[in-house]
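Note that the coordinates shown come from a computational prediction; the quantities given were computed from them, not determined experimentally.
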Amino acid sequence: MSANGSLMPRSDSFSRTRGSSHIDFKTATTGVAAKAMKNELSRLVNTVSEPAKRPFDIEMQSFFYLFTRYLAERAKGQEIDWERIKAPAADQIVPYDRLPEAKDTSNLNKLAVLKVNGGLGTSMGMTGAKSALEVKDDMTFLDLTVRQIEHLNTENRVDVPMILMTSFNTHDDTLRIIKKYANQQLRIVTFNQSRYPRIFKESLLPCPQSAGDDKKHWYPPGHGDLFNALTQSGVLDQLLADGKEYLFVSNSDNLGAVVDQRILQHMVDSQAEFLMEVTDKTKADVKGGTLIDYEGQIRLLEIAQVPSEHVEDFKAIRKFKIFNTNNLWINLKALKRVMENEGMDLDIIINPKTTDDGQAVIQLETAAGAAIKHFKHAHGINVPRSRFLPVKSCSDLLLIKSDIYSLSHGQLVINENRLFQTTPVIKLGDHFKKIAQFQKRFKRIPTIIELDHLTVTGDVYFGRNITLRGTVIIVANEGQRIDIPDGCVLENRLLSGNLNNIEL
């Protein structure tokens, strides 16, 4: 193995020293790395006592399988062949407005809703579960989802359960939060996704020394782990025993992902085993995964899988017009069949990280949407943008908290007084990146019903009862602070560092 533990030969010198081909070298080092990893994982398993030992062992076996697949792909130098990628065929993506009206609410009795609830919201400066963030009218992501499903159940006299897939980062937080829903008309099931060891990039060995090692040495392996965790936890079998046939999956921070009976009806009628909601790309979505036709098969292509020389092609809206919202509809009987017969070999996404003490590590992750290739009659549904309203930043949060939206039974509804169905573009600078700063800098959320575009950079504070209309740009230069006074109306204005107030 080369000095840095890399499996990829740097030069021809390897084949000369071993007197054989590169492939043999790669295969040999793959074997060495796999054996070393297996020994370390066995050691980790032996740090656990019963009854926790067996589930931990099963988890490490799943991780080891993922790791050996990673080694094999790395040895082959497998990359997607760009020339074979085509835009999806017309029948592979169905426009939402062609879907039937829902005829039969009894289908809802066969439905369960799953929220991927493993995220921490660290990019917004949060320390706990992101779904505990208050997003609208003092309600959190989880509050809104509970309200929506409760309304669905009481309105239609059905029993749609809510399932939360947590990670070791959010599990305790989530259990604490859902206690307050104990008296609601709603069954809530939680299960934990896998916890895998981070891998040192140099040695390809696991970071943790024991199963109880610090959280920072472990990671949740992406939402593609959903299928494995659903099966291992027993939740899949329980759902099937309860007569559930369909599962609607979405990210807990996507406020547009509500149960849609037309999509459910279409799933029943078309006998599709897997549906992916996609929506039209804008410039803001160029990094989102897209559906492609790869040798006649529908596949999900993520930006992490794209060879570097084709990244700009991938981002181009002309060829890849849609992206994956991660709202997925899955036939549970089909999922059981796939897991029992062939298992899920989802495309591996390598996520490089650096530890606090500067060491390079990698996380092997998978995406749930990649499972589309395992299911019969699977296809995309091109849905309205309103079904994709994620809160990934404080700019998103400002929009959701504003008067652009109101709430109806936990569902966001665009204000009827807004003249356009499109929402304003909001770009808040680094001073607004963390949630604590955001809360400090807005005494109250401005009125933005007539806003088209807002850009704010630098040290800016907003008073109460402010109205923003048209295009508003506020730039505080280095070392300067701008305070927008209470009651101020800004319409088509550029405010800059020395408080020059320029009409646009």
Side-chain angles (χ1 to χ4, degrees), residues 84-108 110-114 152 160 223 226-227 245-251 254-282 285-286 288-302 314 316-335 337-338 346-347 367-390 411 421-422:
R84 296 182 189 176
I85 290 177
K86 295 195 187 87
D91 62 339
Q92 289 173 323
I93 296 184
V94 177
Y96 179 82
D97 52 19
R98 284 204 206 143
L99 299 188
E101 287 302 327
K103 308 183 281 281
D104 189 358
T105 55
S106 68
N107 286 329
L108 289 170
K110 300 174 187 170
L111 180 71
V113 171
L114 186 145
L152 186 75
V160 175
H223 42 62
L226 161 77
F227 309 106
E245 294 180 31
Y246 306 102
L247 186 65
F248 172 45
V249 175
S250 64
N251 296 348
N254 179 5
L255 293 170
V258 296
V259 170
D260 186 299
Q261 293 189 58
R262 289 177 68 180
I263 299 177
L264 180 60
Q265 184 70 53
H266 173 73
M267 188 166 195
V268 175
D269 294 348
S270 65
Q271 296 185 318
E273 293 182 348
F274 189 103
L275 295 175
M276 175 188 287
E277 293 184 39
V278 297
T279 194
D280 292 345
K281 248 187 198 184
T282 67
D285 317 303
V286 290
T290 190
L291 284 180
I292 57 168
D293 181 306
Y294 196 71
E295 301 180 319
Q297 187 184 40
I298 194 161
R299 295 266 296 267
L300 176 69
L301 179 66
E302 297 278 2
F314 176 83
I317 295 175
R318 277 194 307 281
K319 182 167 184 179
F320 302 110
K321 297 182 171 66
I322 46 102
F323 71 98
N324 169 25
T325 63
N326 218 39
N327 300 347
L328 309 171
W329 299 74
I330 301 157
N331 180 306
L332 290 170
K333 288 178 181 167
L335 175 58
R337 182 196 74 230
V338 170
L346 303 181
D347 301 319
I372 194 165
K373 65 183 178 185
H374 287 282
F375 292 91
K376 295 173 186 164
H377 313 301
H379 57 272
I381 307 281
N382 192 341
V383 297
R385 184 73 185 205
S386 57
R387 293 190 58 73
F388 184 67
L389 289 174
Q411 190 169 341
Q421 277 305 296
T422 55

- Query: Do Lys281 and Phe388 meet the cation-pi criteria used here (NZ or CZ under 6.0 Å from the six-membered ring centre, within 45° of the axis)?
  - Reply: no

- Item | Which residues share a salt bridge (charged side-chain N to carboxylate O under 4.0 Å, His left out) with Lys333, sequence neighbours left out | none

- Query: Does the pair Lys110 and Leu108 meet the rule for a side chain to side chain contact (heavy atoms under 4.5 Å, CB included), with working shown?
  - Reply: CA-CA 5 Å; Lys110 300 174 187 170; Leu108 289 170; over 6 Å; no

- Side chain Arg262, main chain Ala102, donor-acceptor under 3.5 Å: no

- Query: Quick one: CG on Asp347 to NZ on Lys373, what's the gap to the nearest 0.5 Å?
  - Reply: 4.0 Å

- Could you give me the CA-CA distance, side-chain angles and deciding distance for Thr290 and Val278, then say whether side chain to side chain contact (heavy atoms under 4.5 Å, CB included) is met? CA-CA 8 Å; Thr290 190; Val278 297; over 6 Å; no

- Note on the structure: Between Leu300 and Ala370, the two heavy atoms sitting closest are CD2-N, 3.4 Å

- Query: Side-chain donor-acceptor pair under 3.5 Å between Asn254 and Asn326, yes or no?
  - Reply: no

- Item | Side-chain donor or acceptor of Gln92 paired with backbone N/O of Ala89 under 3.5 Å | yes

- Note on the structure: dist His374:NE2 -> Arg337:CZ (nearest 0.5 Å) comes out at 11.0 Å

- Distance, nearest 0.5 Å, that separates CG of Asn382 from CZ of Arg98: 10.5 Å

- Going from CG on Asp91 to CD1 on Ile298, what distance comes out if it is rounded to the nearest 0.5 angstrom? 8.5 Å

- Query: Salt bridge between Arg299 and Asp293, side-chain N to carboxylate O under 4.0 Å?
  - Reply: no

- Between Leu152 and Val160, which heavy-atom pair has the shortest distance, and what is it? CD2-CG2, 4.0 Å

- Item | Working for side chain to side chain contact (heavy atoms under 4.5 Å, CB included), residues Ser270 and His379 | CA-CA 10 Å; Ser270 65; His379 57 272; 4.0 Å; yes

- Message: Which residue in the set Leu275, Leu114, Asn327, Val258 passes side-chain contact (heavy atoms from CB on, under 4.5 Å) when paired with Phe248?
- Response: Asn327

- Item | Pairwise distance CE(Met276) to CG(Leu328) - rounded to 0.5 angstrom | 5.5 Å

- Note: Pro88 and Ile93 closest approach over all heavy atoms is CG-CD1, 3.6 Å

- Query: Any luck finding a side-chain donor-acceptor pair between Asn107 and Tyr246 under 3.5 Å?
  - Reply: no

- Task: Can you see which heavy atom on Phe274 is nearest to which on Met267, and at what distance?
- Result: N-CE, 4.1 Å

- Query: What heavy-atom pair brings Glu302 and Phe314 nearest, and what distance separates the two atoms?
  - Reply: C-CZ, 4.2 Å

- Validation row: Asp280, Phe323 side chains within 4.5 angstrom (heavy atoms): no

- Query: So Lys86 and Glu295, salt bridge (Lys or Arg N to Asp or Glu O under 4.0 Å) or not? Walk me through it.
  - Reply: CA-CA 8 Å; Lys86 295 195 187 87; Glu295 301 180 319; over 6 Å; no

- Report yes if the side chains of Arg387 and Thr325 come closer than 4.5 Å at any heavy-atom pair, otherwise no. no

- Calculate, to the nearest 0.5 Å, the distance between atoms CG and CG belonging to Leu247 and Leu332 respectively. 5.0 Å

- Residue pair Ile322 / Thr279, side-chain heavy-atom distance below 4.5 Å: no

- Message: Checking the side chain of His223 only, and the main-chain atoms of Ala368 only, is there a donor and an acceptor separated by less than 3.5 Å?
- Response: yes

- Shortest non-hydrogen contact between Val249 and Ile330, atoms and distance: CG2-CD1, 3.8 Å

- Query: When you check the side-chain N and O atoms of Gln265 and Asp269, is any donor under 3.5 Å from an acceptor?
  - Reply: yes

- Message: Using the rule given for side chain to side chain contact (heavy atoms under 4.5 Å, CB included), can you reason through Leu291 versus Asn324, listing the C-alpha separation, both sets of side-chain angles and the distance that settles it, and then say yes or no?
- Response: CA-CA 7 Å; Leu291 284 180; Asn324 169 25; over 6 Å; no

